[in-house]
Structure formats: structure tokens, C-alpha cells
Amino acid sequence: MTWETVIGLEVHVQLGTRSKMFCGCATSFGEDPNTNVCPVCLGLPGALPVPNGEAIRLGVRGALALECTVHPVSVFARKNYFYPDLPKGYQISQYDKPLATRGRLRIDSPERGQLEVGITRLHLEEDAGKSLHDRFPGLTAVDLNRAGVPLAEIVSEPDLRSPGEARAYLTTLKQLLVYAGVSDCSMEKGHLRVDANLSVRRVGAPAFGTKTEVKNVNSFANVERALESERARQIAVLESGGTVQQVTMLFDAATGEARPMRSKEQSHDYRYFPDPDLPPLVLRAEWVEDERRRLPELPEAKRARLVAQYGLPTYDAGVLSSEVALADFFEELVAAGSEPKAASNWVMGDVMTSYNQTGGFPVSAAVTGAVIGLVKDGTVSLQAAKKVYAELVTSGGTPREVAERLGLIQVRDESALERWVDAVMAASPGEVERYRNGETKLLGFLVGQVMKASQGKADPKGVQPVLLRRLSQ
Amino acid sequence: MSVRAIAARTGELLRAADARGLNAVLHWSEAHLEFEAARLEGQGPGPLAGMPIAIKDNIATLDLPTTCGSRILEGYVSPFEATAVRRLREAGALIAAKTNLDEFAMGSSTEHSAFGRVLHPMDPTRVPGGSSGGSGALVGAGVVPAALGSETGGSVRQPASFCGVVGVKPSYGRVSRYGLVAFGSSLDCISVFGQTVQDASRVLATISGHDPLDATSLARPPMAVAAPRADLRGLRIGLPREYFPADLDAGVRAGMERTIAVMRDLGATIVDVSLPHTQYAVPTYYIIAPAEASANLARYDGVRFGPTRPEGLPDVGALYRTTRGRGFGPEVRRRILIGTYVLSAGYYEAYYGKAQRMRARIADDFRQAFAAGVDLLFTPTTPTTAFKAGEKTEDPVQMYLADIFVCSVSLAGLPGLSIPVGRSEGLPVGGQLIAPYGEDERMLEVAGTLEGRLDATAEVR
Amino acid sequence: MRIGRDDVLKIARLAELAVDEADLPKLVEQLDGIVAYVAQLDAVPAEGDIAPFVPGPESVAWRADEVRPQSLALPPGAMAPAFRNGFFVVPRRTGMDEA
């Protein structure tokens with residue numbers, strides 16, 4: 001009996017603003033508890049919300065990047081429920097008139113290839129504070145620093161059909177939003193949170209099965225694991241004749257499984273209504289168009305251009321465009337004279353390694369280009385160049401100076417090469433004889449011996465002609 | 001008079017009011033009055049020149065508590081002040097006291113305060129009106145020349161009418177709501193009592209004007225202080241027939257007729273108009289206001305501020321339920337429940353959705369009446385003079401009907417005011433002027449003119 | 001009778017309001033009376049689609065993204081009924097998890 005999995009994802013991203021959604025408190029991370037607070041985000045009697053223009057702008061950019069329809073009029077609504085880290089007893093969100101609807105995101109499905117996933121909506125809302133249940137026994141500790149931070153909620157259509165696709169969706173979405181400057185999407189900092197909905201049905205069944213929601217997943221890899229575990233659980237339930245209950249599951253990273261929440265399941269009646277403290281959000285068409293024009297080149301377009309403009313393989317374009325900084329670095333290298341494929345190899349290799357370690361480029365594009373140039377003109381071998389680069393990363397300097405200091409300059413001087421070649425030929429008379437008798441593949445061995453004799457300093461491109469000349473004498 | 005002298009005199013008057021058991025005031029002290037006097041001495045007189053002003057206790061102040069007449073906020077001192085209060089202080093007002101009110105501004109008689117009812121300044125067996133009854137009574141008793149109140153459905157105009165003082169509700173959005181404890185956010189307006197129209201107008205000129213802290217505040221400059229017109233020639237005043245029912249109280253009717261005669265005498269043209277959806281105003285209001293209130297009062301959960309916590313609560317749900325169950329009085333609980341009900345799943349369209357549309361029709365009635373060539377509307381403020389304490393507390397709906405002439409104005413967001421037009425059997429009668437949205441100054445000018453020609457203390461019959 | 005005892009209990013739960021058993025009958029009666037009163041609006045047919053009306057500005061004005069917190073004359077700890085090591089604290093039933 002084959003089962004089809006249906007997955008939809010709700011992603012909350014923290015918009016990259018300095019201040020909160022409805023007040024001037026800072027959104028900074030890691031402060032002492034309850035220090036980034038004011039009457040508004042504390043929900044004190046008499047306080048009122050005023051929206052952050054930058055949050056609106058970033059929400060619109062995200063919507064445009066996702067090819068959504070941005071609505072000229074949208075409405076903030078109150079979502080009413082009680083929770084200790086929800087100061088007003090309602091969250092200001094958007095309900096039936098959200099900022100944007102009907103977008104799409106193209107992803108690479110591990111099973112189905114290129115896939116277009118529908119984006120149902122993107123709306124703006126404020127975050128709640130943080131509840132810590134394990135800080136003090138028998139108590140919940142509440143920190144409202146996060147209360148009021150601006151979020152965009154992005155809801156996908158239930159178009160995903162596997163945990164792998166869910167993961168691909170998240171990776172692609174993150175990359176897009178980082179490119180568009182909407183959010184840093186850092187899950188470690190809690191700037192991106194995922195709620196996953198999953199149901200299963202028999203292949204060909206017309207209706208969706210009952211879905212469960214999985215929350216509290218802290219990485220994309222764990223989203224995939226959690227969904228795999230939940231899919232397996234639902235299938236097992238259904239195959240044994242049971243029915244799936246619509247519950248919310250919490251993911252436990254230690255076990256890799258999701259289990260139903262033990263708290264009393266209250267079906268929430270959120271009693272949404274338009275927030276009377278906030279007139280409608282009206283966006284002028286010219287302003288939205290302006291934001292569309294100001295969007296940077298997005299990942300898909302960049303990949304296509306890297307292939308077309310530089311003749312790079314698709315794989316290279318994909319790796320280089322994984323982050324704007326890497327792609328920009330690559331283009332700087334080429335602009336400064338490096339040959340595209342060489343530049344690409346370097347960026348995908350050593351440059352990216354140090355970038356991942358340091359978050360930056362300790363060796364500038366100009367200097368990296370110079371290193372590549374040294375390989376191209378034969379001054380150093382490729383292996384030597386990597387050593388030079390590593391030294392530049394840790395200690396700086398200039399490439400030629402470092403190569404000299406480390407003794408990595410390749411020797412191309414004819415007389416030096418001849419000396420080594422003569423020495424090797426003298427030391428390997430048997431092989432020389434056999435070569436002269438027709439075993440031409442011994443050339444490689446002899447070149448290798450010369451390299452050994454020169455302790456790697458000989459330029460292999462120069463060794464070969466000298467050796468050939470001597471061997472034919 | 002020096003500010004010290006003003007402070008001393010105000011203290012004497014507050015003490016006398018306390019001695020009478022007026023119960024109009026929840027917080028005042030000699031020390032605070034001295035503090036205010038010292039502040040003003042240092043600051044200079046400003047345009048308000050030391051005018052002592054009382055503040056309804058649902059408006060946030062820094063130096064006196066803000067309880068909203070509720071146990072749930074007993075002892076609560078706000079860590080920020082309302083924009084209106086800040087503007088008053090900066091203009092040289094002396095903040096005299098915080099006044100008693102119906103709990104969370106929900107009521108029409110100030111009998112629903114957790115801290116006891118307020119007496120009518122002329123007859124202790126009667127109510128001063130509500131919810132801003134404390135402010136109204138204090139001005140009516142001559143203790144302060146002006147006071148801030150708040151309106152959601154008429155809570156300043158109605159007590160102004162009962163207490164024989166001027167009560168002015170501005171156009172929605174002309175006075176910042178920042179620091180006004182929210183009840184019905186789309187209706188709430190900080191409003192002003194004055195012994196005279198001039199007093200009220202000076203206060204409004206000070207507190208009005210755009211506030212970046214309130215997203216519903218209009219991008220308009222403050223109101224000008226209104227000067228009374230010499231006469232009312234060229235003015236067309238409409239009388240909406242729905243506000244003059246056949247069974248209108250005889251004293252109120254006499255007061256209206258007297259005033260209309262004065263208007264004609266001053267050269268105004270009196271026109272008959274109709275506001276056909278008037279009968280639906282009170283039920284519409286009692287859907288919208290409680291709905292918004294049910295959300296606005298959700299923040300009173302005992303977590304970040306509030307009463308001392310009882311011991312032995314098993315979980316946070318118990319904390320919510322006991323804090324709110326004990327902290328809120330019966331009228332507030334009723335309104336929260338009604339509000340929750342009309343917003344709940346399955347009922348939204350039938351109640352809230354419908355009420356919002358009816359509200360649009362009510363607003364449209366006014367717009368059409370004004371568009372037909374009427375400059376102001378004139379009506380009774382209240383269907384009766386001040387009623388007896390305890391008369392309407394048994395049946396909530398009976399109490400709601402006290403707002404019948406004022407709450408449509410609130411629903412439409414229009415500016416309205418009440419001026420005393422005379423007495424009926426010793427009790428004040430109030431007449432209401434209503435202006436188009438944004439034309440607050442016009443109604444204040446005309447009110448000033450009428451005030452100069454009416455003897456508010458004379459019997460109307 | 002539009003609103004009954006069970007309705008009232010359900011709404012009270014949504015609103016996190018404790019209702020005393022003793023008060024319940026009178027409360028139900030009063031709420032039912034209020035609901036019956038406001039239900040007058042039922043008599044008005046739903047004519048066309050008149051847009052809901054809210055006074056005030058027609059569109060919301062935005063503020064600049066600046067860190068300019070409004071000051072608190074009292075710190076959170078001074079206002080809180082229970083505060084520990086910088087946190088607001090509330091009672092928690094052990095063994096429960098919430099999302």
C-alpha cells in the first residue's frame with residue numbers, strides 16, 4: 001500500500017530591523033532579561049503600538065522576492081489568547097487581509113527535480129517573549145526582551161511531498177531571504193522558526209489526511225528527521241487500523257522523535273478582529289515598484305548569470321551563489337584578471353574554507369588573484385600555492401614574498417633542471433635504458449624522481465622537456 | 001494668584017469635598033499639591049497659569065496612582081504618563097487629583113467603582129452620571145475649574161449634563177489616547193469638563209494635536225482656543241427628530257425649547273432633520289465596545305503588574321482566573337463576557353460584523369444631515385436629569401439606555417459637547433451640540449455664545 | 001434564550017475569568033438579557049456590502065527604525081507581583097509542556 005506524504009511549512013523569520021515592530025526598543029540578542037522593554041511591549045495600561053516602517057519595507061521585499069502579490073491595503077488584527085509571555089493577552093498579527101499572498105518558490109527536490117512550491121501568504125506580526133520552564137522549579141520564568149520583535153510569517157501551500165523536499169524548501173527560502181536582505185535567518189539565534197504540518201494519504205486519495213503539527217525543531221536537518229519520524233508514526237497508526245489525531249507534536253532533538261504535547265489541548269478560538277489601535281496599512285503602488293527595483297540580484301538569477309557570463313558549470317554556480325559574498329568575491333577575482341574556472345575552484349576550495357571559519361575574507365580578492373597568477377605563470381605549483389594561501393590567511397604578507405620565504409618558488413632555471421635531471425639519470429641507469437628501449441611510460445617515473453630530487457621545487461612543466469632532451473641524447 | 005496660593009486653595013476645597021463624602025477623588029495629597037506648586041514655580045506659569053485640573057483615574061500619571069477604579073489595579077503607579085497629562089503639565093497646569101470613575105470606564109453612573117460611588121454634587125441621593133462621574137462632580141462642586149475625563153459612549157457629556165457643567169468630547173483622533181487606559185479603542189476619547197466653555201476650550205487647545213505615540217491620532221495641529229461668536233446669524237442648526245421623542249422628560253423638553261428660542265433669537269435658522277438609524281446606536285455600541293474591551297482587558301493577568309499574588313496557585317491558568325475573577329467587578333466581567341461572546345467562533349458575523357456595518361450607517365446618517373446644509377445639530381444630552389442611586393443598577397440594559405443621546409456621536413467619531421441650559425426641579429439640564437468631524441472649534445464657539453445668553457441655574461419651567 | 005449556562009462557562013474559560021457557581025444563574029440571566037437586547041440588529045437586513053466604519057486616519061503612519069525606547073520611571077521588577085533574577089515568574093504545573 002503506497003502512501004503519499006503531504007507537507008506544508010509555516011516559517012517565522014525575524015525581520016532585520018534595529019527596533020521592535022511597534023515600539024522603539026532594541027531587538028538586540030543576548031541582553032539581560034527584561035531590559036529591552038518599554039510600556040508598549042510590556043503591554044502596560046494605556047500604551048499604544050506604532051508600526052516600524054523598516055519592518056514593513058522588509059516584509060514587502062520578502063514578499064516581492066517570493067513573487068507574491070503585495071496588497072495595497074492590509075490590516076493588522078488581534079489574535080487573542082492567554083500566555084505568560086504574551087503581554088497584552090493578544091498578538092498583533094494579520095488575518096484575513098495580509099500583506100501578501102500567492103507567491104512561489106522554486107526548489108530542487110531530491111526526488112522530483114525542479115519543483116515550484118506555492119506560497120500561500122506572507123504577513124507581518126510581532127513576536128511573543130520567551131518562557132523558560134526549567135529555570136526555577138515549579139515556575140515559568142518570562143523574559144519579554146523578544147516581545148514585540150518584528151516577524152514575517154511565511155506559509156507554504158501543502159505542496160511538499162517528502163521530508164527531503166521540506167529541507168530543500170527551507171534551505172532555498174533562507175538563501176532567498178538572506179539575499180533580499182530581509183533577515184539573517186539564523187536558526188541558532190532564533191531568527192528563523194519552523195512549524196511543519198504533515199499528513200499522509202493513500203496514493204490517489206482525493207482528500208488530505210488529518211495533519212499534525214511539529215514544533216520546536218532547531219535545525220533544517222532536524223526538520224527532516226522530525227518529519228521522517230512523524231511520517232513513519234502516522235503510517236504505522238493508519239496501517240494498524242487506527243486514526244491520526246490532530247495534535248501538536250514537540251520535537252525532541254535527543255531522541256530524534258516528535259511526541260504529542262502533554263499539556264491540555266485547548267482548541268484555540270483566537271477571535272480575530274481588526275486592531276482598532278492601527279489604521280489600515282496602505283502601500284502606494286509606486287513605492288512597491290520602487291522596492292521591487294531595489295531588490296538585489298536574487299539567487300536563481302545569479303546562478304543563471306554565472307553560468308551564462310562566465311561559462312561555469314551549474315554545480316560551480318550553485319556553490320558560489322550559496323552566499324552573496326562568495327559570488328561577489330568570485331566576480332572580483334575575474335574582474336582583476338583571474339580565469340573564471342580557476343577563480344571558481346579557488347573560491348569553492350580554500351577561500352570558502354577560510355570564509356566558513358572566519359565569516360569573512362582574511363585574504364583579499366586582489367591578493368588571492370595574485371596567488372592564482374603565480375600558479376598560472378608557473379612560479380609555484382598548485383600545491384605550493386595552497387601553502388602560500390594558508391600562510392597568507394594566518395600571517396598576511398604578499399604572495400611572492402611568502403613563496404620565497406617558504407622556499408616554494410618553482411625552479412625553472414635550465415641549468416638547475418639539467419643538474420637534477422643528470423643526477424636522476426645517473427642514479428637510475430636501468431630505467432633510462434628501459435625508456436630508451438621503448439618503455440615510454442617510464443617518463444612519469446623519471447619526472448617524479450626529478451621532483452623528488454629537487455624536493456618538489458622543480459617546475460614539472462619545465463622538467464619534462466629537459467628530461468626528454470637528455471633521454472634522446 | 002500665585003501657584004502656592006492656588007495649590008493651598010485647591011487643597012482646602014479637596015478637603016471639604018472629602019468631608020462631604022463626595023467620594024469624587026481617589027488620590028490626592030497636600031504633599032503632591034506642594035510638589036506641583038514647586039514644579040510650576042520652577043517652570044514658569046505657561047499658558048494655563050497654574051490652572052488646577054483633576055484627572056480621571058484611567059489616565060496615566062507618574063506621581064499619583066492609576067487604578068481605573070478597579071481592585072485589579074489597586075496601588076498601581078504607572079511608569080509613564082499620558083501625552084495629554086504631559087502637555088498639561090508643560091503648559092503650566094497644576095495636577096490636582098485623580099478622580100473616581102466607573103471601573104475601567106464601564107458605566108453611566110459611577111456606581112460601579114470598586115472604591116465606592118460618587119455623590120451628585122447637589123443631591124447626595126443621586127448619581128453624578130458616569131463613567132467620568134468623579135471629574136464631573138468635582139467640577140460641578142466648584143473644586144477645580146476643569147478636569148479630564150474620558151468618553152467611550154458619552155461618559156463626559158452625560159455626567160456634564162447631570163452635574164450642570166460643560167463637557168466636551170473632541171473628534172476622535174484629535175486628542176492623543178496614549179496613556180488613556182483602553183476600553184473601546186475605536187471609541188475612546190480623552191474629553192474635558194469645564195466650569196465654562198472657555199475653561200474647557202483652553203484645556204483642549206493644550207492637549208489636542210498629533211501625537212506620534214498614537215497611531216490613531218490625526219495629523220492635525222492642536223485646536224485653537226474658541227472665542228464665542230457675537231451672534232448665530234447665518235448658522236443652520238438641525239434638530240434630529242429621533243432625539244425628541246414624544247415621551248421625553250418634560251423638564252428636559254422645556255430646557256431644549258428654551259435654548260432653541262435663544263438660538264432663534266441670536267439669528268440661527270432651526271431645521272428639522274432625521275438620523276434614521278438612531279434606535280440602533282445603543283445595541284451597536286454594546287457590541288463594539290465590549291468586544292474591544294474584552295481584548296483590551298486581557299492584559300490584566302497578574303503577571304507583569306497587579307495585586308499581590310495568593311499562595312498555592314497550581315498553575316498559570318489559576319493565576320489568571322483568580323486575579324481576574326476577584327480583581328474585576330461585576331459590570332466589567334459582564335462586558336468582558338459579552339465581548340468575548342460576540343467575537344467568538346460562529347458569532348463574529350452575526351454580532352460584531354453586523355454592528356460594524358450598522359456603525360457605518362449611523363456615521364452616514366450624520367454625514368448626510370450635515371451635507372444637506374446643517375452646520376451643527378442640537379439635542380438633549382440625556383433623556384432625564386440625574387437619577388437616584390440604585391435606580392438602574394439591577395438591570396444592566398436599563399443603565400445602558402442612559403446613553404441613548406450621546407453614544408451615536410461616539411460611534412460616528414464626531415465632536416460633541418454638553419452645556420447646562422437650565423434646571424428642572426433643581427437639577428441641571430444639559431443640551432448637546434454636535435459638529436461635523438473635525439469641526440470642534442465651531443461647536444465650541446457656538447457653545448460659548450449660548451453660554452453667555454443662558455442662565456444655567458434658572459428653572460426651565 | 002440565546003445564551004445558556006454552558007455558553008457562559010465556555011466564554012468564561014476563553015476569557016480566563018473565574019465564575020462562582022452561586023453567581024452563575026444571575027449572570028446567565030443578565031448576559032442573556034444583554035444579548036437579546038443587542039440582537040435587535042438581527043432585524044436589520046444585511047443590505048449590500050457597506051464597508052465597516054472606523055474614525056481616525058485612513059492609513060497608518062509608520063515610524064523610523066530607530067532604537068529610541070520610551071523610558072520607564074519604574075523598572076519591571078518594581079511593578080511585578082513576582083520577579084526573580086530579572087524574570088517575571090508564574091506558577092507552573094510540573095510535568096506540563098507548552099509550545
Side-chain angles (χ1 to χ4, degrees), chain B residues 62 76-77 79-80 171-173 186 212-213 215-216 218-219 280 283-284 286-287 294 301-309 313-322 324-326 328 333-334 336-338 340-341 344 350-351 354-361 363 395-397 400 412-413 437, chain C residues 2-3 7-8 10-20 23 26-27 30-31 33-44 46-57 60-63 70-76 78-83 88-94 96 98:
Chain B
L62 286 169
Y76 174 75
V77 179
F80 72 100
S171 302
Y172 181 88
S186 72
L213 295 176
T216 59
L218 291 175
Y280 298 113
T284 300
Y286 279 99
I287 291 172
S294 70
D301 56 9
V303 176
R304 299 163 318 293
F305 55 88
T308 323
R309 211 173 268 182
L313 291 167
D315 58 28
V316 69
L319 172 65
Y320 297 152
R321 288 187 291 273
T322 46
R324 295 160 63 77
R326 290 187 204 169
F328 290 137
R333 287 204 298 273
R334 276 191 291 268
I336 291 175
L337 292 172
I338 289 292
T340 308
Y341 177 71
S344 63
Y351 293 104
K354 216 159 195 179
Q356 289 285 55
R357 289 175 169 74
M358 181 55 72
R359 182 177 188 176
R361 290 191 186 91
D395 180 1
V397 176
Y400 298 165
Y437 190 59
Chain C
R2 286 168 180 265
I3 189 169
D7 297 307
V8 174
K10 187 175 116 185
I11 307 163
R13 235 177 295 128
L14 277 178
E16 293 287 2
L17 273 180
V19 178
D20 272 335
D23 295 336
K26 178 144 190 242
L27 183 60
Q30 287 176 333
L31 291 176
I34 297 168
V35 172
Y37 174 72
V38 300
Q40 284 180 54
L41 295 190
D42 282 356
V44 183
E47 319 151 11
D49 223 337
I50 182 165
F53 167 80
V54 180
V60 72
W62 312 342
R63 40 165 262 278
Q70 283 148 250
S71 58
L72 287 165
L74 297 162
M79 296 184 286
F83 205 69
F88 298 104
V89 288
V90 297
R92 172 176 180 241
R93 181 171 292 155
T94 49
M96 289 299 205
E98 3 230 337

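Small disclaimer: the values here were computed from a predicted structure and weren't measured. In what follows, chains are A, B, ... by sequence order, proteins preceding strands, each numbered from 1.
Interface remark: C:Y37 contributes backbone and side-chain atoms alike to the contact with chain B (heavy atom separation under 4.5 Å). For a residue to count as touching a neighbouring chain, one of its non-hydrogen atoms must lie under 4.5 Å from one of that chain's; by this rule B:P396 touches chain C with the side chain only. If you measure heavy-atom distances from B:V397 to chain C, the contacts under 4.5 Å come from the side chain alone. Contacts between B:S171 and chain C at a heavy-atom distance below 4.5 Å are absent for every atom of the residue. Contact of B:S186 with chain C is made through backbone and side chain together, with heavy-atom distances under 4.5 Å. The parts of B:T340 that come within reach of chain C are both its backbone and its side chain, each placing non-hydrogen atoms under 4.5 angstrom from that chain. Of the two parts of B:A219, neither the backbone nor the side chain holds a non-hydrogen atom closer than 4.5 Å to a non-hydrogen atom of chain C. Residue contact with chain C, scored on non-hydrogen atoms closer than 4.5 Å, involves the backbone and the side chain of B:L313 alike. For B:A215, the parts lying near chain C are the backbone and the side chain together; criterion is any non-hydrogen pair under 4.5 Å. Looking at C:A78, there are no atoms closer than 4.5 Å to chain B (heavy atoms on both sides), in backbone or side chain.
No side-chain donor-acceptor contact under 3.5 Å links B:R333 to the backbone of C:V19. Judged by distance alone, with hydrogens and angles left aside, the side-chain atoms of B:Y437 form a donor-acceptor pair with the main-chain N or O of C:G56 at under 3.5 Å.
Contacts of C:D23 classified as salt bridge (Lys or Arg N to Asp or Glu O under 4.0 Å), with partners at least two apart in sequence or in another chain: none. The side chain to side chain donor-acceptor pair (under 3.5 Å) search around B:R304 returns B:D301, not counting sequence neighbours.
Closest approach of C:F88 and B:V303 over heavy atoms only: CD2-O, 3.7 Å. Contact between C:P52 and B:A360 at its shortest, heavy atoms only, is C-CB, 4.4 Å.
Put simply, of C:P75, C:A80, C:S71, C:P57, the one with the most heavy-atom pairs under 4.5 Å next to chain B is C:P57. If you tally non-hydrogen atom pairs under 4.5 Å between each of B:P283, B:G325, B:A412, B:A350 and chain C, the highest count goes to B:P283. With respect to chain C, the highest number of heavy-atom pairs below 4.5 Å among B:S294, B:G173, B:G306, B:G413 belongs to B:G306. Chain B forms more heavy-atom pairs under 4.5 Å with one residue of C:V90, C:L41, C:L74, C:L72 than with any other, namely C:L41. Interface summary for chain B: among C:D20, C:V60, C:V35, C:V8, the most heavy-atom pairs under 4.5 angstrom belong to C:V35.
Side chains of C:L27 and B:L337 form a contact here, defined as non-hydrogen atoms less than 4.5 Å apart. Taking 4.5 Å as the limit, every side-chain heavy atom of B:S344 sits out of range of all side-chain heavy atoms of C:I11. Contact annotation: the side chain of B:T308 never approaches that of C:P81 to less than 4.5 Å [non-hydrogen atoms, C-beta and beyond]. Counting heavy atoms from C-beta outward, C:P55 and B:R359 have side chains that approach closer than 4.5 Å. Residues C:R92 and B:V316 form no side-chain contact, since every pair of their non-hydrogen atoms from C-beta on lies 4.5 Å or further apart. With contacts defined as side-chain heavy-atom distances shorter than 4.5 Å, the pair C:V54/B:Y172 does not qualify.
Rounding to the nearest 0.5 Å places CD1 of C:I3 at 5.0 Å from OH of B:Y341. In this structure, CG on C:L17 lies 5.0 Å from CZ on B:R324, to the nearest 0.5 angstrom. A distance of 11.5 Å separates CD1 of B:I336 from CD of C:E16, quoted to the nearest 0.5 Å.
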